[in-house]
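Structure first, commentary second.
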Amino acid sequence: MPVITCIDDLKRRYRRRVPRMFYDYAESGSWTEQTFRENVTDFAEIRLRQKIAVDMTGRSTATEMIGQPVAMPVALAPVGLTGMQNADGEIKAARAAEAFGVPFTLSTMSICSIEDVAAHTSKPFWFQIYTLNDDTFNRAIIGRAKAAGCSALVITVDLQVLGQRHKDLKNGLSAPPKLTIPTMLNLATKWAWGIEMLQTKRRFFGNIVGHVEGVSDPSSLSAWTAEKFDPALNWDKIRKLMDMWGGKVILKGILDVEDAEKAAAIGADAIVVSNHGGRQLDGALSSIRMLPAIAAAVGGRTEVWMDGGIRSGQDVLKALALGAKGVMIGRAFVYGLGAMGEAGVMKALQVIHKELDVSMALCGETKAGSLGRHNVLLPADFLDRYR
Ligand SMILES: Cc1cc2nc3c(=O)[nH]c(=O)nc-3n(C[C@H](O)[C@H](O)[C@H](O)COP(=O)(O)O)c2cc1C
């Protein structure tokens with residue numbers, strides 16, 4: 001096993017191992033990528049407050065997310081096409097999350113199906129729904145998630161239309177990849193990825209191919225979203241989905257105090273302050289910058305989590321200090337998965353956990369649940385630079 005000390009080490013190995021098309025798919029944001037970049041760089045504006053001579057023994061990062069015990073308040077975010085980053089990727093990531101003791105969220109746009117992931121794990125995972133303009137499908141997939149024992153439904157509310165990522169269009173992103181000459185030349189340099197991929201049958205959108213008809217190109221994410229995602233989603237429909245599910249619900253993709261108020265009012269168990277990893281509205285503020293106001297407004301009524309830009313345990317600490325009760329990570333675990341499969345996701349979690357634990361100690365804190373505004377120093381205008 002190579003010496004991996006940080007998430008960037010995993011990212012470098014990931015870049016070498018995975019075909020360009022899928023690396024670019026993960027490592028990009030929409031349009032100019034401003035929001036994608038600022039999700040990361042805004043964390044650097046926040047500084048940690050060092051404390052000394054505090055008893056640091058008996059530390060614990062363990063807390064709860066929607067009442068579920070977690071080894072640290074970090075859940076794996078839903079990531080489409082995870083099974084293209086590494087063969088059977090969703091199963092591998094779910095198994096690593098289970099072994100580590102954090103929640104895994106399966107995307108609607110996954111390669112491995114809900115049933116497949118359930119068959120290869122022993123604890124309940126969460127299911128993320130993208131609502132299609134097809135009620136029969138929505139009802140059926142919710143039924144399948146229930147039958148598979150999923151313990152929460154994550155409803156993604158920020159993708160009624162798809163933000164454009166230039167690289168995906170230029171690369172002709174599809175699952176499985178179409179064998180054009182540039183793709184074949186690139187695949188020839190990714191033989192370890194290819195050998196594993198040839199050994200699995202899971203190379204299509206496992207939750208939807210065969211369950212929905214009438215898409216012009218079933219291998220294309222953009223065709224699915226353009227033709228089948230529901231551009232008419234509204235709060236009534238969200239409420240109906242919550243009723244259909246009847247269990248714990250997390251609304252993901254809230255970036256505005258007014259929307260957070262509505263989410264709390266309809267009874268979401270948690271909301272995720274998120275801009276979809278900078279993949280939707282380019283020019284929106286970073287999640288970490290929007291978090292404090294949203295946490296202050298609704299944190300007493302619903303659990304407020306955030307995602308976007310988390311690449312270290314220090315980032316997790318900063319988010320918890322600014323009011324999040326938990327966070328989700330997307331790319332950080334994808335880098336690990338692409339680099340080294342299940343062991344790489346485990347490594348990503350271990351890296352983040354160690355960084356969180358040691359940083360907590362150096363901030364004079366022994367419990368993740370006690371982190372707060374007192375642990376960070378902010379530029380004078382951090383909270384109100386943009387109004
Ligand atoms: C490659 C990729 C695919 C994604 N697919 C989905 C998805 O299928 N459903 C969803 O709700 N969010 C999806 N997201 C957004 C993530 O759930 C999460 O909000 C985002 O990755 C957080 O930012 P981070 O990657 O900087 O941690 C995706 C993100 C990436 C990078």
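In what follows, every heavy atom counts, from backbone to side chain, and hydrogens, waters and symmetry copies are set aside.
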| said: Using side chain to side chain donor-acceptor pair (under 3.5 Å), reason through Trp126 and Gln68 one step at a time and then give a plain yes or no. | reply: CA-CA 11 Å; Trp126 298 343; Gln68 181 176 325; 3.2 Å; yes
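- Contact of the Ile46 side chain with the Asp315 side chain is not registered, since no non-hydrogen atoms from C-beta on lie closer than 4.5 Å.
- A donor-acceptor pair shorter than 3.5 Å cannot be found between the side chains of Thr108 and Asn207.
- Residue Lys146 comes nearest to Met244 through the heavy atom pair NZ-O, 2.9 Å, listed as atom of the first residue, atom of the second, then distance.
- Salt-bridge formation is detected for the pair Arg385/Glu45: a Lys NZ or Arg NE/NH1/NH2 atom is positioned less than 4.0 Å from an Asp or Glu carboxylate oxygen.
- Here the side chains of Ile294 and Ile271 are in contact, with some heavy-atom distance below 4.5 Å.
- A salt bridge links Lys167 with Glu33: the closest approach of a Lys/Arg side-chain nitrogen to an acidic carboxylate oxygen falls below 4.0 angstrom.
- Of all the heavy atoms in Glu355 and Gly313, the pair that sits closest is OE1-N, 2.7 Å.
- In this structure, Arg279 satisfies the cation-pi test against Tyr25, with its NZ or CZ atom closer than 6.0 Å to the six-membered ring centre and inside 45 degrees of the ring normal.
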| request: Take Met109 and Ile208 through the side chain to side chain contact (heavy atoms under 4.5 Å, CB included) test and state the conclusion after the steps. | output: CA-CA 8 Å; Met109 303 310 292; Ile208 51 179; 3.4 Å; yes
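- One finds a salt bridge joining Asp116 and Arg202 here, because a Lys/Arg side-chain nitrogen approaches an Asp/Glu carboxylate oxygen to under 4.0 Å.
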| field | Glu64 vs Lys325, salt bridge (Lys or Arg N to Asp or Glu O under 4.0 Å): CA-CA, chis, key distance, verdict | value | CA-CA 8 Å; Glu64 290 188 347; Lys325 189 141 190 266; 5.6 Å; no
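- Counting heavy atoms from C-beta on, the side chains of Thr105 and Phe125 never come closer than 4.5 Å.
- Look at Glu98 and Lys123 and you find no salt bridge, because none of the NZ, NE, NH1 or NH2 atoms lies under 4.0 Å from a carboxylate O.
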| Where do His120 and Glu90 land on the side chain to side chain donor-acceptor pair (under 3.5 Å) test, with the steps shown first? | CA-CA 10 Å; His120 290 87; Glu90 289 89 1; over 6 Å; no
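- Using bins of under 30°, 30° to 60° and over 60° for the plane-to-plane angle, the ring pair Phe333/Phe104 lands in the perpendicular bin.
- At a cut-off of 3.5 Å, with distance as the only test, no side-chain donor of Lys237 or Thr131 sits close to an acceptor on the other residue.
- A salt bridge links Lys92 with Glu196: the closest approach of a Lys/Arg side-chain nitrogen to an acidic carboxylate oxygen falls below 4.0 angstrom.
- A single hydrophobic cluster is not seen to contain both Phe127 and Val154; linkage of ILVMFWY side chains at heavy-atom distances under 4.5 Å, directly or through other members, places them apart.
- Counting only N and O atoms by type, the side chains of Asn275 and Asn39 include a donor and acceptor under 3.5 Å apart.
- Within 6.0 Å of CZ in Arg15 there are 12 or fewer heavy atoms belonging to other residues, nucleotides or ligands.
- Note: His166 and Trp31 have perpendicular aromatic rings, judged against thresholds of 30 and 60 degrees for the angle between ring planes.
- Using the six-membered ring where Trp is involved, Phe100 and His353 have ring planes that are perpendicular, over 60° apart on the 30 and 60° scheme.
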| task | Walk me through it: do Tyr23 and Gln85 pass the test side chain to side chain donor-acceptor pair (under 3.5 Å)? | result | CA-CA 8 Å; Tyr23 174 84; Gln85 304 290 0; over 6 Å; no
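- Side-chain contact annotation: Ser286 with Asp42, donor-acceptor N/O pair under 3.5 Å present.
- Because its NZ or CZ atom is both nearer than 6.0 Å to the ring centre of Phe382 and within 45° of the ring axis, Arg289 counts as a cation-pi partner of that residue.
- Heavy atoms only, all atoms of each residue included: Ile66 and Ala270 are closest at CG2-CB, 3.9 Å.
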